[in-house]
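Comments concern the structure below.
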Amino acid sequence: MLRSGKNPTDTIDPVKNFERWKKKYNKTKTRVKREKRQKRRPEWQVEKEAIQRLVNKYNETFSDFPISKNTLRGLMEAQYRQPTEIQRQTIGFALQGKDVLGAAKTGSGKTLAFIIPVLECLYRQQWTAMDGLGALIISPTRELAYQTFEVLRKVGKNHEFSAGLIIGGKDLKNESEKIHRTNIIICTPGRLLQHMDETAAFHASDLHMLVLDEADRILDMGFADTINAIVENLPKTRQTLLFSATQTKSVKDLARLSLKDPEYVWVHEKAKFSTPATLEQNYVVCELHQKVNMLFSFIRSHLQKKIIVFFACCKEVQYLFRVFCRLRPGMPILALHGKQQQMKRVEVYNDFIKKKNAVLFATDIAARGLDFPAVNWVLQFDCPEDANTYIHRVGRTARYKEGGEALLVLLPSEEKDMLSQLQVKKVPINRIQVNPEKLTSVQQKLEAFLAQEKEQKERAQRCFVSYLRSVYLMKNKDVFDVFQLKLQEYAASLGLAVAPRVRFLNKVQKQRADPGQSGGPGDVAPHEEEKELKSFKAQLRGDGLKSEAQESQSSDEEDDEGEEKLHNTIKKTEKETKFKEAKKVLKRNFQVNTKLVFTEDGQMVQQWPPLQRTAVPATEGEDEDCTSGINVEEARERLRREDQEFDKLEYRRKVKEKHREQKSGEEDEEEVVAYLGGSDGEEFDPMLHYHLVFRLKLDEEEEEAAAGSRKRPRQQATAKPLDTGLSLAEDEALVLHLLGNRS
Ligand SMILES: Nc1ncnc2c1ncn2[C@@H]1O[C@H](COP(=O)(O)OP(=O)(O)OP(=O)(O)O)[C@@H](O)[C@H]1O
């Protein structure tokens, strides 16, 4: 049988062919499946993302938050509708009662992130004025405390809490009278500690929430002792919230606050840059003696802008502010520094807020937290101490979705190391050139001013010395090298014919030249230097470490004595106040001044102090017949209990009554509101209202009581004896005479 001419091997068996294809296909399919499976994220991750999407959607507006109607109304009335990222991420944790460490870029809304939990915490506890201090907010500077107080007033105005601003610089006695009735205190550390030490009625043992704004600054060296002493007086059970744009990560710092499993919320941790995206940042390298000319030229070319210029020390601000005012650059100039009286500081702060175009000369007192609206430029005339200070300074512009520009002026000796520090902190900054020919020289004019006024010359000299000292005291010697500065040229740029003698530099120079000759009075030991640096910083920031005694001593003209140094010396010499002594006794549980007198047959007839008996029955275990005088602790505790019990009953009664009224539809259309701290929209003046109760709602019954109490004095007034202006004997004679006439 003939076969076909084709080779049998050439014939393709379709079945085999199909099987081969199927095998290959299956292999590819498994591979693709495997690869897909590998690529696919774990189920939990997918789920987490879906939940996050839901959570974000849920927290899109403040009305999605589990907060009280009063707070929500306050937010809406202040035009806060959508939470920012830091608010979205931290408020939930804080409402759950957790300790929180929150960090987010400058101008991202950290203030509300703690104000809302503070209000909610007290609201949920139904806190009343009688409950005393419930929340404490500590700020590093008076201005920041004042600003936070304003936000609290705005957002919390529908609540019934009392709030106080305790920032020093004013009448301590007035504050002392009201502080124990204050529910929310916003304060600077120094002043708060002063009250803790000296105001007998003030205690923080019921505190529920502690907030440290600008936490890294508050926990740093400058405030360490004060904060430790404050924390000692606070209950361990409190909730603690810490916020800053440059948050502390130091375990040691946090241990000092005894945080309990805190939630870390670093909103912009993974962001490419640590400064706001809307901020444009540049730097120029400029010789020291050209800086004043550069500043003048800069101001002249930005007359329609709002600018903040940061300087290294108060004396520099003082001198340059005065001469620049005389130079009349063509726009308003303001100055803010720690050596100003408190009244002046508030005035300047409010002035700058209102101005559309102005330049503010400031020390680092204005570097943190201040929220001046619409600042276009931040110019750093002197190099900041470190990258964190840089971040806070530039953060005064480009706040909450707004744009802004920043210019850093560096000396050639500062450029390299400062830039590398900024790089590490993820700060995007570019170098720009200044054309020296375009600079307007003001040197001759300054010389003329100084020739005319001796006072001005002295200011210039102090500015010179103070600047050198600030450079010398800076820790980072790679950036700050005082010996590289050309002193004669610098002095000339300030209008001085000769450079003033700088004693401390001469001494250090001598010591450098002859290291064996140490131990003289002028030698600056490292720990001394550290101490001086600490006090210098405290002084230039004016951060509220002053006591009242110091306040009266300080003046614009006082020397560069550190505030804290002064504080320490005064502390050592001043006699402790009676209150302070009494509080110490209370703390240590001493039995004071107990005096017993016995008759001859051993009967006790007198005791000092007289034994006090309370109106409430003693609880079990309390010795009614205690003969050792007043047990102050016990008596205080009993009174407190009594007050609390009374308040609770009263409160419950009122709430019930209100509910009944609501049910019967008899609710009053108009609620009666008493504004104790000025009405809405009225400008708050901390000099007048040091302690404020921002709003107090009165219900009908209270109103009646208040009306009654208003009437009573009038009734009493009718019964008041007539003052005839005569002596008693003459009065008697007159009465007898009148009676005689009648009869
Ligand atoms: N939810 C919000 N909606 C609208 N504006 C907001 C909101 N939260 C905050 N702001 C505004 O953003 C600005 C900056 O807020 P805030 O001062 O709290 O920032 P910050 O993060 O504390 O800044 P800094 O780090 O400088 O202290 C303020 O003017 C504030 O009124």
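Whatever order the structure lists them in is the order used to number ligands and atoms, beginning at 1. Predicted model only: the values in this text are computed from it and were never measured.
Here the side chain of D478 pairs no donor or acceptor atom with the backbone of D417 at under 3.5 angstrom.
The closest protein non-hydrogen atom to atom 8 (N) of ligand 1 is Q87 NE2, 2.9 Å. At the shortest separation from atom 10 (N) of ligand 1 among protein heavy atoms lies Y80 CE2, 3.8 Å. Counting only heavy atoms of the protein, atom 1 (N) of ligand 1 lies nearest to Q82 O, 2.7 Å. Of the protein's heavy atoms, G109 N, 3.2 Å lies nearest to atom 19 (O) of ligand 1. When hydrogens are left out, the protein atom nearest atom 3 (N) of ligand 1 is Y400 OH, 3.3 Å; that is the closest non-hydrogen contact. Counting only heavy atoms of the protein, atom 21 (O) of ligand 1 lies nearest to K110 NZ, 2.8 Å.
By the side chain to side chain contact (heavy atoms under 4.5 Å, CB included) test, Y400 is found to be paired with T84, residues two or more places apart in sequence or in another chain being considered.
Which parts of ligand 1 touch T111 is read off a 4.0 Å heavy-atom cut-off, strictly below it: atoms 16 (P), 17 (O), 18 (O), 22 (O). Shown in contact with F62 at under 4.0 Å from a heavy atom are these atoms of ligand 1, numbered in order with element: 1 (N). Listed by number with element, the atoms of ligand 1 under 4.0 Å from a non-hydrogen atom of S108 are 19 (O), 20 (P), 21 (O). Atoms of ligand 1 lying under 4.0 Å from at least one heavy atom of R396, given by number and element, are 26 (O). Residue E214 has at least one heavy-atom neighbour below 4.0 Å for each of these atoms of ligand 1: 27 (O).
Contact annotation for R81 and ligand 1: no heavy atom of the residue comes within less than 4.0 Å of the ligand. Residue contacts with ligand 1 for R399 involve side-chain atoms from C-beta outward but no N, CA, C or O (heavy atoms, distance under 4.0 Å). At a heavy-atom distance under 4.0 Å, only side-chain atoms of D371, from C-beta outward, approach ligand 1. By the criterion of a heavy-atom distance under 4.0 Å, neither the backbone nor the side chain of F243 is placed next to ligand 1.
Residue-environment remark: NZ (K401) stays at or below the threshold of 12 foreign heavy atoms within 6.0 Å. Within a 6.0 Å sphere centred on NZ of K426, heavy atoms belonging to other residues, nucleotides or ligands number more than 12.
Here the CD atom belonging to E214 is positioned 7.0 Å from the NZ atom belonging to K110, to the nearest 0.5 angstrom.
Residue contacts with ligand 1 include G107, since one or more of its heavy atoms lies under 4.0 Å from the ligand.
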- Let me see the working for F381 and E316 under side-chain contact (heavy atoms from CB on, under 4.5 Å), right down to the final yes or no. CA-CA 10 Å; F381 184 82; E316 236 185 328; 3.6 Å; yes
- Task: Evaluate the side-chain contact (heavy atoms from CB on, under 4.5 Å) criterion for residues V348 and E143: first the C-alpha distance (whole Å), next the side-chain angles of each, then the deciding distance (0.1 Å), finally the verdict.
- Result: CA-CA 10 Å; V348 171; E143 281 70 19; over 6 Å; no
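Ring orientation note: the planes of W377 and H302 are nearly perpendicular, at an angle over 60° on the 30°/60° scale.
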